[in-house]
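The structure appears right after this line, and notes come after that.
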Amino acid sequence: MATAYHNLSDYDFNSVPDAQTMRFGIVVSEWNSNITGALLDGAVNTLIKHGAKKENIIVKCVPGSFELTFGANQMIENCDVDAVIILGCVIKGETPHFDYVCMGVTQGITQLNTTGDIPVIYGLITTNTMEQAEDRCGGKLGNKGDECAITAIKMIDFVWSLNK
Ligand SMILES: Nc1c(NC[C@H](O)[C@H](O)[C@H](O)CO)[nH]c(=O)[nH]c1=O
Ligand SMILES: CC(=O)[C@@H](O)COP(=O)(O)O
């Protein structure tokens, strides 16, 4: 379903588990920081809204989206977190570089989820224009950061439910 038909910030509040004992890592790309900063605000505010403690949210920046996979892996290896959220924004330019960056991040994050024990949440905005990105980081289509926060909480609860 296209985002135009499903606002990124719309969800059933009562369907979200309590996050007060959960620990989160967030890796944010500095490219398009006007967008990624808004995604980060949405993610952190939503985590806190659902009980997460600020001291349990570790935020680290990387230069560009292509570095998000490395950053997420390093955070998993070196930090005591229950989930990692990656946040980036890739906007199409004149060359095929957009395709390679997006595919690289997608394959990298998929690999981390395939081989690891910690859910890595895919908060990459891939758009044709800056306007489309602005619409998805707190604009008319909601905030992808909100969606990633909810997904992280639910995935941690999923993992914990299997280990009971
Ligand atoms: N054009 C965008 C980039 N490009 C930079 C790459 O992500 C990477 O940092 C570089 O190739 C060095 O390894 N990154 C974005 O996040 N968004 C873009 O639109
Ligand atoms: C995704 C990119 O790296 C892209 O924005 C770079 O722009 P261009 O393809 O015009 O070099």
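Counting starts at 1 for both ligands and their atoms, in listed order.
- In terms of protein heavy-atom proximity, atom 14 (N) of ligand 1 is closest to Trp31 CG, 3.4 Å.
- Closest approach of Ser65 and Val101 over heavy atoms only: CB-CG1, 4.3 Å.
- A distance-only check finds a donor-acceptor pair linking the side chain of Thr129 to the backbone of Gln132 [under 3.5 Å].
- Regarding atom 12 (C) of ligand 1, its nearest protein heavy-atom neighbour is Glu67 OE2, 3.5 Å.
- At least one side-chain heavy atom of Pro17 sits less than 4.5 Å from a side-chain heavy atom of Lys154.
- Within the 6.0 Å centre-distance limit, the rings of Tyr11 and His50 are counted as a close aromatic pair.
- With no hydrogens or angles considered, no side-chain donor-acceptor pair links Ser9 and Asn143 at under 3.5 Å.
- In terms of N/O distances under 3.5 Å, ligand 2 is approached by His97.
- Within ligand 2, the atoms closer than 4.0 Å to a non-hydrogen atom of Val90 are 1 (C), numbered from 1 in the order shown.
- Atoms of ligand 2 lying under 4.0 Å from at least one heavy atom of Gly93, given by number and element, are 7 (O), 8 (P), 9 (O), 10 (O).
- Residue-ligand proximity, Phe98 to ligand 2, at heavy-atom distances under 4.0 Å covers atoms 1 (C).
- Of all protein heavy atoms, the one closest to atom 4 (C) of ligand 2 is Ile91 O, 3.8 Å.
- Using a 4.0 Å heavy-atom cutoff, Cys89 is listed among the residues neighbouring ligand 1.
- Residue Glu94 approaches ligand 2 through these ligand atoms, each under 4.0 Å from one of its heavy atoms: 8 (P), 9 (O), 10 (O).
- Among all protein heavy atoms, the one lying closest to atom 6 (C) of ligand 1 is Phe66 CB, 4.0 Å.
- In Thr95, the parts holding a heavy atom less than 4.0 Å from any atom of ligand 2 are both the side chain and the backbone.
- For Ser65, heavy-atom contacts with ligand 1 shorter than 4.0 Å involve the backbone as well as the side chain.
- Judged purely by atom type and a 3.5 angstrom limit, Asn113 uses its side chain to pair as donor or acceptor with the backbone of Ile109.
- The N/O atoms of Ile91, backbone and side chain alike, include one that comes under 3.5 Å of an N/O atom in ligand 1.
- For ligand 1, the atoms sitting less than 4.0 Å from at least one non-hydrogen atom of Ser29 are 16 (O), numbered in the order shown with element in parentheses.
- Between the side chain of Lys53 and the main chain of Gln20, a donor-acceptor pair closer than 3.5 Å is present.
- Under a 3.5 Å cut-off, the side chain of Glu67 and the backbone N or O of Gly64 do form a donor-acceptor pair.
- Here the CG-CD1 distance, from Leu40 to Ile85, works out to 9.0 Å after rounding to the nearest 0.5 Å.
- Not one N or O of Trp31 is nearer than 3.5 Å to an N or O of ligand 2, by distance alone.
- Atoms of ligand 1 found under 4.0 Å from any heavy atom of Asn32, numbered from 1 in the order shown, are 17 (N), 18 (C), 19 (O).
- Using a 3.5 Å distance cut-off with no hydrogens or angles, the side chains of Thr151 and Tyr122 do not pair a donor with an acceptor.
- No more than 12 heavy atoms of other residues, nucleotides or ligands shown are found within 6.0 angstrom of CD on Glu131.
- The N/O atoms of Val101, backbone and side chain alike, include none that comes under 3.5 Å of an N/O atom in ligand 1.
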